A.B. asks: 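Dumping the structure here so I can ask a few things about it.
Computed from a prediction, not measured in an experiment: that's the story for all the values here. Values reported hereafter were calculated over all heavy atoms of this structure, with side chains retained and with hydrogens, waters and symmetry mates removed.
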Amino acid sequence: MTDVPEPVRKCANLLKGTRSDTEKFAALFMVTKLMKGKDCNTAGKQLLFEAIGFPFLRKLLVSKDLPSDCPPLVYKSVALSILTGFCQEEELATHKEIIDAIPTLLEIVEQADDADYEDNLIVVSEAYSCLKSIASYEPGQQALLATGAIPKMSQIYSAQSFQTDEALHLIVQLVKKFGVVSWPEDPTAFHALIQRIALDMETDHTERKYELCRILADILITCRREIVLNSLEGQIWPESLFKGCSDILKAKIGPKQRDPALHLIATTLQVLGMQWAFMDDQKQFFLMLLQLAAIEVRMQMDEKKLETTFKQAELLTCCFVILEQCIEYMASDQLDMEPKEKQTTYTALKGAFNQVLAVLTRVSQDKIKDSGNVRDKEFIIATVRILSAWLAQETTAMRPAIYKLLPFMLKIGNESFHELKAWRAGPREGSPPVDILRVMMPALCHFAVEDEARRVLFTHKQDEVLLEAIELYFSIAHWKRPPIPRAERLKRMNEPDPVPTPEQQAQMKEARSAIVALCNILMNFTVLEPKRAEDAPTFVNLLKFVVENLPELKDTPDNLVIHGNLAVLGLLLLKQQSKKVKQNDFSICRYIQATIRFLWDAYNIDESNDPTALVVSIAYKGYWSDISELWFLGMQTMCGVLPLVPWLSEFALESGWAEGIVKTLKKVKIGTLPANVKSAYEDFLSQLVDVNADVVAVLKKADALRVCRNHRMMDLGKKLFGD
């Protein structure tokens, strides 16, 4: 302690020698003076902290039993003034005793509106200063989270107490650190806080409006999205945000105002979805927003040095979020646009994406792609993501340039996929990495049917990565209860079965859509590259994956679409690899049973209001737009597989499916059977007759003669009964 200044040492000795609280309190006035001077260094503050003893400071803050010479508020004020000085040093701000005082400090700021404090607001101000210093370090941040400081500060701000901006800055500091876990399951405090800030942002017309935009964006992005969306009824903050943002977009503004507004809009769309942009039931805000984001992208990426463009990464990423949501919304055909609006929109988007393509092409040839800078990497990923979203819809433009860039995009996508795969294989700390390959899949569906693009995909062994991807996403979609350790099994035998958490359910939903996209790509590969599908190890392993996993898939409504996709992908592969299939291979048998179930259950008469009408079954009806083409392709491919693997026909007979088709069609009213359904069933039954002599007797017994006459199935009739 040789570096402690002499006045500080003397003061510490004086404090240690005091014999009563009154003497010690008197000495504190000297401490406050010393701590404001230049001489009091870190070592000095530590010495004073030990000399005073924290229990004494705590007593001044909370005790009612104090000498009556001064009002209690004076004792509090002096204690807080000293505590503020101590908290400026990391070693003291993270000291256990100071951390333990957080609830006391929170209590003081919560009581800022009490009559006691009206005359001495410095006390509240000092308490905020202490909290701010404590929140600068990890132990303090963790303690503030654990004591519920964020919801408490939210209540303080929403009640508009004294010095509430201090509370707001503390909230922002903590939510940026902790993200979603900042908020409790009860969203009351979150809604109250956002409502207060949103109303302030809407009604304020000074520069503070734009500062509040930033703060709102920082807080909104950390919310528990599902909980917030499910508790929005009666909340008016979405409307306040909409009005405030509309006013900004309509006003004459510069970058200082526009950037925070775009940041807030992008975040709000991520939380509330694109419906928020139509709160006034008009499309003007949507069109204005799309134009603004597209123009901003074009301007920021236009023929500048890459370093200059990368400096605008945050703004551009916000514009990308807006454009991605706009593109997805337009693709859903919910927006009714005039021809002129369509033309203007397309021109704006094309201009923006020409620039995105140009910049990404330059990045792919520049050392910046290997810089190792996390922010640069995130921006490159965001740029690949937005270009992929555009390419999912724009299937003809810019092809030569896209084919040249495709290897670089695949590299970025594959790296992000492998990061996700590694994260899932490890302890799974933090949020899962975003898989850009999954975002690229709709665009890859188009590339799979283009000869040049397909050549690039196979040159870069993308089929191998896609096999890895379908395996990973199937493991996510096909959720299994965690294994119970053997020692605990008896004890936990009567526990109810666990169900996936909301986060896991969201991941399962994402995984199912990824599997559908992957099946589409792989089906196109199988059909358009028959030689590869027949011989290549990737495709042999793909068929093995399908036949082993499809029978394991749980029979739930959510899984119906992936069941159909995997079943039909399996049939297409089986057709190509028929020479390799061994008779009565157990896994193939189980796979065919699961495939027959998908094809059989699609149509029936039992669920129809009219007992003579064939209808799509209730289980399939809600998903029919996604699986009707699959069903017809499945029936057609089954017809192609039967001559190559004739023993599969036994399953159609033994399961009762062939007989069931005839019995069902017998009840269908003449002239009401749709031509495409009639054709699918007739071709299938005809193929069965061709490959299996036992089929004829079964169909005749089920009254196939009447079915052939009623529905004019000429080809089947000839096969069964001759001319």
A.B. asks: List in chain and number order the residues that pass side chain to side chain donor-acceptor pair (under 3.5 Å) with K369, two or more places apart in sequence or in another chain; answer none if no residue qualifies.
C.D. replies: none
A.B. asks: Decide, yes or no, whether a salt bridge links K509 with E503 under the criterion of side-chain N to carboxylate O below 4.0 Å.
C.D. replies: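 Salt bridge between K509 and E503, a charged N being under 4.0 Å from a carboxylate O: no.
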A.B. asks: Does S81 reach the main-chain N or O of S77 with its side chain, forming a donor-acceptor pair under 3.5 Å?
C.D. replies: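 No, S81 side chain to S77 backbone: no donor-acceptor pair under 3.5 Å.
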A.B. asks: Counting distance only, does the side-chain N/O of S371 pair as donor-acceptor with the main-chain N or O of K367 below 3.5 Å?
C.D. replies: no
A.B. asks: Answer yes or no: is there an ion pair linking R58 with E97, defined by an N-O contact shorter than 4.0 Å?
C.D. replies: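 A salt bridge is absent here (no side-chain N lies under 4.0 Å from a carboxylate O).
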A.B. asks: Out of curiosity, I98 CD1 to Y137 OH, how far, rounded to the nearest 0.5 Å?
C.D. replies: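 Taking CD1 in I98 and OH in Y137, the distance rounds to 11.0 Å.
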A.B. asks: Of all residues at least two apart in sequence or in a different chain, which pass the salt bridge (charged side-chain N to carboxylate O under 4.0 Å, His left out) check with R375?
C.D. replies: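 In terms of salt bridge (charged side-chain N to carboxylate O under 4.0 Å, His left out), with neighbours along the sequence ignored, R375 is linked to no residue.
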A.B. asks: Ignoring hydrogens and geometry, is there a side-chain-to-backbone donor-acceptor pair from N230 to E226 under 3.5 Å?
C.D. replies: yes
A.B. asks: Out of I265, V321, L220, which residue meets the side-chain contact (heavy atoms from CB on, under 4.5 Å) rule with Q270?
C.D. replies: V321
A.B. asks: Taking the basic N atoms (NZ, or NE/NH1/NH2) and the acidic carboxylate oxygens, is any pair closer than 4.0 Å for R214 and D218?
C.D. replies: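 Between D218 and R214 there is no salt bridge, as every charged N stays at least 4.0 Å from the carboxylate O atoms.
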A.B. asks: Please tabulate, for side-chain N and O atoms in residues 168-178, each donor-acceptor pair with protein atoms closer than 3.5 Å (sequence neighbours left out).
C.D. replies:
residue, atom, partner, partner atom, Å
H169, ND1, D165, O, 3.1
Q173, NE2, A135, O, 2.9
K177, NZ, E138, OE1, 2.5

A.B. asks: Is K243 salt-bridged to D247, cutoff N-O under 4.0 Å?
C.D. replies: no
A.B. asks: Under a 3.5 Å cutoff, is there a donor and acceptor pairing between the side chains of Q46 and E91?
C.D. replies: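 There is such a pair between these side chains.
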